[in-house]
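Report on the structure given below.
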Amino acid sequence: MRVELARQYQPAEVENKWRAYWEEKGFFQSDPDPRRPAFCIVIPPPNVTGALHLGHAINNTLQDVLVRWKRMQGYNALWVPGTDHAGIATQAVVERLIYQQEGKTRHDLGREELVRRIWAWKDKYEARILGQLRQLGCSCDWRRTRFTLDPICSRAVRHTFFRLFQAGLIYRGKRLVNWDTTLQTAVADDEVFHETVKGHFWTFRYPVVGSDEHIAFSTTRPETMLGDTAVAVHPDDPRYRHLIGRRVRIPLVERDIPIIADAILVDPALGTGAVKVTPAHDPNDYQCALRHGLPMINILNPDGTINAHGGRYAGLDRYEARRRVVEDMAALGLLDRVEDRDIDLAHSDRSKTPIEPYLSDQWFVRMADLAQKAMDAVEQGHIRFYPERYARTYLDWLREKRDWCISRQLWWGHRIPVWYARTEAETLRRRFGQRSDIAWTYDETSDQWLICSLDDSFTAAAEDVPLVQDPDVLDTWFSSALWPHEVFGWPDRTADLGYYYPTSVLVTSRDIITLWVARMVMMGLFNCGQIPFRHVYIHTKILDGFGETMSKSKGNGVDPLDIIEIYGTDALRFTLVHMATETQDARMPVSHVCPHCSHLVPQKQEHLNMRTRRIVCPHCKQPFRPGGPWPEEDPELPTARLASEKFELGRNFANKLWNAARFLLLNLDDYAPVPLDHSTLPVEDRWILSRLTYAIDQTTHLLDTYQLSEAARVLYDFTWSEFCDWYIEMAKARLRDPQSKVLAQNILVAVLEAIVKLLHPLMPFVTESIWQALAQAAPQRGVPKPRSAPESVTIAPWPSFPQSYRDPTIEANIQLMQDLVRSIRSIRNDFRIDDRQSVDIYVRTDNESAQSLEALSSYIGLLAKTAKQSFGPQVPRPRQAATAVHNRFELYVDLADLIDIPAELKRLSKQKLEKEKLLQSVRARLSNPDFVHKAPPDVVTQFRNQEKDLEQQLELLRANIAQLSQM
RNA sequence: GGGCGUUUAGCUCAGUGGCCAGAGCGCUGGUCUUACACACCAGAAGUCGCAGGUUCGAAUCCUGCAACGCCCACCA
């Protein structure tokens with residue numbers, strides 16, 4: 001039956017069809033099956049802050065490659081999809097949008113309403129994200145889609161918190177945190193970035209009590225003076241030694257504070273050698289206060305204004321207070337000097353406002369044991385990183401074992417399941433003593449009970465105990481840390497958990513090795529007693545054209561759907577995999593595609609982050625809105641898509657594969673499957689099977705070691721440069737001959753089928769298209785014995801051939817033929833011989849090579865357009881010929897009247913020059929006695945042979961030049 | 001300041017000790033040769049960041065330097 005394909009692969013026409021087909025057939029659904037080995041990946045759940053960009057596209061493509069490959073290898077492969085509620089990030093995005101559109105803050109809306117709005121946002125973006133993943137062809141089991149705030153995850157979070165609480169690993173403490181005055185929340189160290197800003201460096205003096213002396217100190221934040229509780233000097237500093245133990249007065253608040261000695265805090269060589277100590281607002285001062293038992297005075301309200309501790313400055317914004325403090329100190333004559341200074345100031349990654357170190361009540365998880373076990377898991381080799389070097393990032397971070405601040409002053413997230421109660425121990429025992437789902441502990445600093453429960457409903461049973469729930473929510477990473485087991489229904493011991501956990505591999509990028517990977521290991525071990533995954537594959541990051549990481553918050557993301565629309569999904573996927581090399585991040589310069597005329601306008605830096613609202617196309621002069629992650633449509637201006645020429649690599653390759661299939665299908669009218677005996681196959685078939693076997697082995701090995709981009713290269717080269725450029729070209733002759741046709745058809749189909757399978761994990765859509773076309777034209781196929789093909793390539797077995805198919809001799813002979821053909825073509829090109837005109841060739845070569853070439857002579861004729869061919873040691877040299885010398889042959893192309901003597905002389909001297917240069921370097925090496933003695937004998941022999949070859953070739957070239965010069 | 005990484009053709013990147021250092025794009029010349037112009041054929045193009053060292057032999061290993069990127073820490 002004749003199946004005809006379009007001249008060009010049209011991805012848009014088939015992608016929806018195959019996606020629907022796969023889902024309808026349930027190929028990606030997986031359920032526990034003890035008879036088959038499991039392969040399982042849980043998706044790094046994308047944040048619901050916005051749509052996915054190319055960074056996500058590469059992450060998910062790589063996962064899909066692995067899942068599809070393992071599925072074909074016969075594993076019961078499961079990929080669990082889902083999304084992350086992303087506490088701070090999502091709340092910030094929605095708050096910002098509400099403020100922009102309605103001018104309202106979260107305090108205007110109230111907790112309930114804000115949370116309702118965020119859920120609506122989440123629904124919208126979750127749908128968009130899952131849609132994007134489907135478009136990408138991700139072979140997830142969609143039935144299992146989870147969200148970190150859904151009931152199953154919430155239950156896991158609740159149980160985990162409870163278990164940690166019971167184990168005494170969670171505690172409440174006053175800690176200095178990074179306070180974001182805009183969002184009014186603590187942010188993690190990891191959520192802080194540093195930026196240099198212009199500031200000042202003031203030097204003030206405090207009067208020493210009961211003396212005329214003053215002590216001078218410098219600061220960049222004068223307002224923190226209001227919270228000073230000491231002045232520190234170095235114990236050995238002669239300038240101040242006599243003052244240690246005395247007191248100074250803070251003039252503006254009329255408070256006396258001690259002068260203390262602290263060798264850790266103070267470097268006598270810096271500044272005045274004296275340091276004001278503000279424990280509640282500086283990390284180092286805080287540590288110092290702990291050492292000396294100093295009081296800690298918090299002078300800030302959550303919104304960044306000064307609180308009652310600031311006396312007459314209370315109510316002022318901290319910057320206003322700073323101005324006034326400086327003014328007032330100056331008025332008192334206590335300001336010595338002001339310098340300009342660049343200050344490297346911490347900023348909140350979310351709100352971009354400066355961070356205030358701030359003493360507040362927070363919840364912490366004790367890291368010591370958890371971190372040690374997580375380190376052990378990697379150090380003992382239970383978890384392996386690919387590439388290996390990233391294990392170090394992980395270990396270095398865990399080694400610090402810093403307690404994890406898990407509370408966030410937000411409304412979007414898992415509420416901390418702790419209630420405060422002021423009551424008697426006896427009351428609690430009476431009420432809850434019998435219940436294993438409630439635990440409590442006494443908190444001395446706040447003089448109250450902390451009650452943790454697995455379920456909110458316990459509050460009803462406690463009518464005589466006044467309970468107040470903690471208003472905070474948990475750090476997003478708390479729920480993400482449970483991801484690999486919570487998706488399987490933990491804490492229940494589900495069949496899923498038993499079968500799929502530990503998962504096989506985690507695929508992610510290096511920037512969340514600490515935030516996420518380490519925490520998953522800790523919590524997986526704590527909750528399940530087992531590591532969450534065996535391998536961690538850290539992959540390339542996609543940078544924008546300016547070298548910056550793509551991120552939702554930077555606004556430099558490129559929507560994969562833009563790329564898909566222009567180039568197709570397989571093009572996107574293949575190109576991304578091709579770029580995912582081991583060491584380099586990949587730069588992705590992009591262009592706006594003019595919505596009016598499709599002209600490409602390169603993206604510039606000022607277009608990023610939605611800063612430019614309008615561009616005029618230099619080609620058609622019409623305006624459009626630049627491409628980017630806009631939250632809404634623009635009613636007036638059409639928005640450009642973003643494109644990058646890089647994806648042409650993938651698009652062209654998909655089309656190449658498509659056309660190889662198209663060619664085959666045009667030649668399969670009378671296809672009949674036949675069993676084959678490998679040993680009797682002609683040389684060209686054994687060659688392609690040898691090369692194919694090699695390609696399969698390489699690909700499998702590269703995928704096994706997470707070298708996906710190398711696998712892409714191997715497949716690209718084999719498909720394009722060997723199968724298409726040589727094997728198909730040779731097959732054209734065989735297909736014309738009824739004698740050889742059947743065999744050629746069988747091998748062509750078998751090799752194409754194997755290629756389609758190998759490429760399927762990378763390019764699922766085009767390969768399924770070809771697979772289905774082959775199903776009609778050649779339902780029985782394969783070597784050595786044709787078999788009925790499975791109904792879809794998604795479930796086809798991964799190809800494999802016996803090692804006996806490898807044949808180095810045959811590969812060398814084909815190589816020889818290819819070299820000869822290329823030499824002929826080169827001469828034809830140099831002499832501008834018309835493509836339709838045949839040439840006669842004379843090839844002087846040893847008997848063995850002559851025999852090999854004779855066997856392939858019809859192909860040489862076809863590929864190099866030759867007529868008469870002579871091979872052998874004694875073939876004559878035509879009178880007027882162009883010459884090429886090779887280490888296994890001398891080629892003469894008879895040019896007769898076409899000969900252009902000066903041109904040929906030029907060619908020959910060029911060859912001569914190249915060979916002479918090479919010979920020179922070979923001789924230099926051989927004349928070095930150390931080389932001859934110390935290098936391995938086979939290397940020396942190799943160079944000796946090369947020297948001989950070159951000498952012969954040069955002799956020949958000189959003779960030819962001499963002869964030609966006389967004509 | 002510590003760590004990791006990068007520096008190879010105009011661009012984007014492969015290449016972990018030994019045949020003339022490769023690919024894609026771009027460039028030059030020639031082809032619409034009935035699978036593919038998203039293609040085919042041929043070609044030009046690189047003192048492999050710099051300086052030392054190890055080695056018979058270095059893009060590849062070591063040391064130092066420079067530039068760039070990321071992570072961590074710190075900056076009264």
Side-chain angles (χ1 to χ4, degrees), chain A residues 5 7-9 189-190 194 201 217-221 224 231-232 265-267 270-278 282-285 288 343-345 389-390 392-393 396-397 400 510-511 513-514 541 543 545 547-549 567 571 575 578-579 581-589 644-646 648-667 709-710 713 716-717 721 724-725 728-729 732 822 825-830 832-836 863-865 887 914-915 917-918 921-922 925 928-936 938-940 942-943 945-946:
Chain A
L5 301 181
R7 293 171 68 90
Q8 266 189 2
Y9 173 56
D189 289 347
D190 328 288
H194 289 78
F201 192 61
F217 58 88
S218 301
T219 179
T220 56
R221 295 185 298 159
T224 59
V231 170
L265 182 68
V266 182
D267 178 350
L270 283 179
T272 64
V275 181
K276 65 193 273 305
V277 183
T278 322
D282 181 279
N284 296 309
D285 295 2
C288 170
I343 297 164
D344 189 24
L345 198 59
R389 69 187 126 94
Y390 289 113
R392 201 170 154 168
T393 308
D396 284 351
W397 185 80
E400 301 197 14
R510 73 180 112 81
D511 35 11
I513 289 173
T514 57
K541 291 173 63 168
L543 310 179
E548 300 254 18
T549 307
Y567 303 98
T575 307
H578 196 263
M579 292 193 314
T581 57
E582 284 210 320
T583 49
Q584 295 262 88
D585 287 339
R587 269 189 195 222
M588 177 68 69
S644 169
E645 290 171 0
K646 289 202 156 205
E648 288 176 8
L649 171 81
R651 180 199 60 186
N652 295 354
F653 184 47
N655 190 55
K656 187 73 184 177
L657 179 65
W658 173 264
N659 268 287
R662 175 174 138 88
F663 170 77
L664 253 72
L665 292 164
L666 291 172
N667 287 284
S709 66
E710 272 306 305
R713 266 170 250 276
Y716 182 96
D717 290 341
S721 309
C724 291
D725 286 353
I728 287 186
E729 290 308 316
K732 283 177 179 172
R822 288 199 190 97
R825 283 172 176 169
S826 180
I827 288 171
R828 294 184 61 111
N829 251 289
D830 285 347
R832 308 207 176 289
I833 294 168
D834 191 287
D835 282 357
R836 281 156 300 193
L863 297 169
K865 192 74 181 171
N887 60 1
E914 281 169 7
K915 310 260 180 202
K917 219 172 107 191
L918 190 57
S921 77
V922 170
R925 201 173 289 225
N928 178 351
D930 282 338
F931 171 71
V932 180
H933 290 124
K934 294 184 185 172
D938 57 316
V939 174
V940 178
Q942 198 182 317
F943 277 95
N945 289 340
Q946 200 190 353

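Each chain gets a letter, A, B and so on, in the order its sequence line appears, and its residues count up from 1. If you're wondering where the values come from, they're calculated on a predicted model, not measured in any experiment.
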Give a yes/no on whether any side-chain N or O of A/Ser826 is located under 4.0 angstrom from OP1 or OP2 of B/G43.
yes
Would one find a side-chain N or O of A/Gln8 under 4.0 angstrom from OP1 or OP2 of B/A35?
no
Pairing partner of B/G46, by Watson-Crick or G-U wobble and under 3.5 Å for both distances, is none
Go ahead and name the base partner of B/C4; Watson-Crick or wobble counts if both distances stay under 3.5 Å, otherwise write none.
B/G69
Phosphate OP1/OP2 of B/A35 contacted by A/Lys732 side-chain N/O (<4.0 Å)
yes
Applying a 3.5 Å limit to both distances, which nucleotide forms a Watson-Crick or G-U wobble pair with B/G18?
B/C56
Could you list, one pair per line, each protein nitrogen or oxygen that sits under 3.5 Å from a nitrogen or oxygen of nucleotides 59-63 of chain B, together with the distance?
none

Using a 3.5 Å distance criterion without hydrogens, assess whether the side chain of A/Asn659 forms a donor-acceptor pair with backbone atoms of A/Asn655.
yes
Separation of atom CD in A/Glu914 from atom P in B/C19, rounded to whole Å:
17 Å
Residue met sooner reading RNA chain B from 5', once A/Asn887 and A/Phe217 are mapped to nucleotides
A/Asn887
Restricting to non-hydrogen atoms, name the atom on A/Asp835 and the atom on A/Lys865 that form the minimum distance, rounded to 0.1 Å.
O-CG, 3.6 Å
Quick one: label A/Asp285 by what it contacts on the DNA or RNA (base, sugar-phosphate, nothing), any heavy atom closer than 4.0 Å.
nothing
Counting distance only, does the side-chain N/O of A/Ser826 pair as donor-acceptor with the main-chain N or O of A/Arg822 below 3.5 Å?
no
Tell me whether the OP1 or OP2 atom of B/C38 has a side-chain N or O from A/Arg651 closer than 4.0 Å.
no
A/Phe653 vs A/Tyr716 aromatic rings, parallel, tilted or perpendicular, using cut-offs 30° and 60°?
tilted
With a 4.0 Å limit, can you tell me whether A/Thr581 has a side-chain N or O closer than that to the phosphate oxygens OP1/OP2 of B/A14?
yes
Measure the spacing between CG of A/Leu265 and CG of A/Asp282 and express it to the nearest 0.5 Å.
8.0 Å
Using a cutoff of under 3.5 Å, can you pull out all pairs of nitrogen or oxygen atoms linking the protein to nucleotides 31-33 of chain B, with atom names and distances?
from: B/U31; atom 1: O2'; to: A/Asp835; atom 2: OD2; distance (Å): 3.3

Heavy-atom nearest nucleotide on RNA chain B for A/Glu645 versus A/Gly273: which residue maps closer to 5'?
A/Glu645
Under 4.0 angstrom between A/Asn652 side-chain N/O and B/A39 OP1 or OP2:
yes
For B/A14, does OP1 or OP2 lie under 4.0 Å from any side-chain N or O of A/Arg713?
no
Base versus backbone protein contacts along nucleotides 5-10 of chain B [heavy-atom cut-off under 4.0 Å; B, S, -]
SS----
So what does A/Lys917 hit on the nucleic acid, given a heavy-atom distance under 4.0 Å: a base, only sugar-phosphate, or nothing?
nothing
Counting only N and O atoms by type, is there a donor-acceptor contact under 3.5 Å from the side chain of A/Arg662 to the main-chain atoms of A/Tyr9?
no
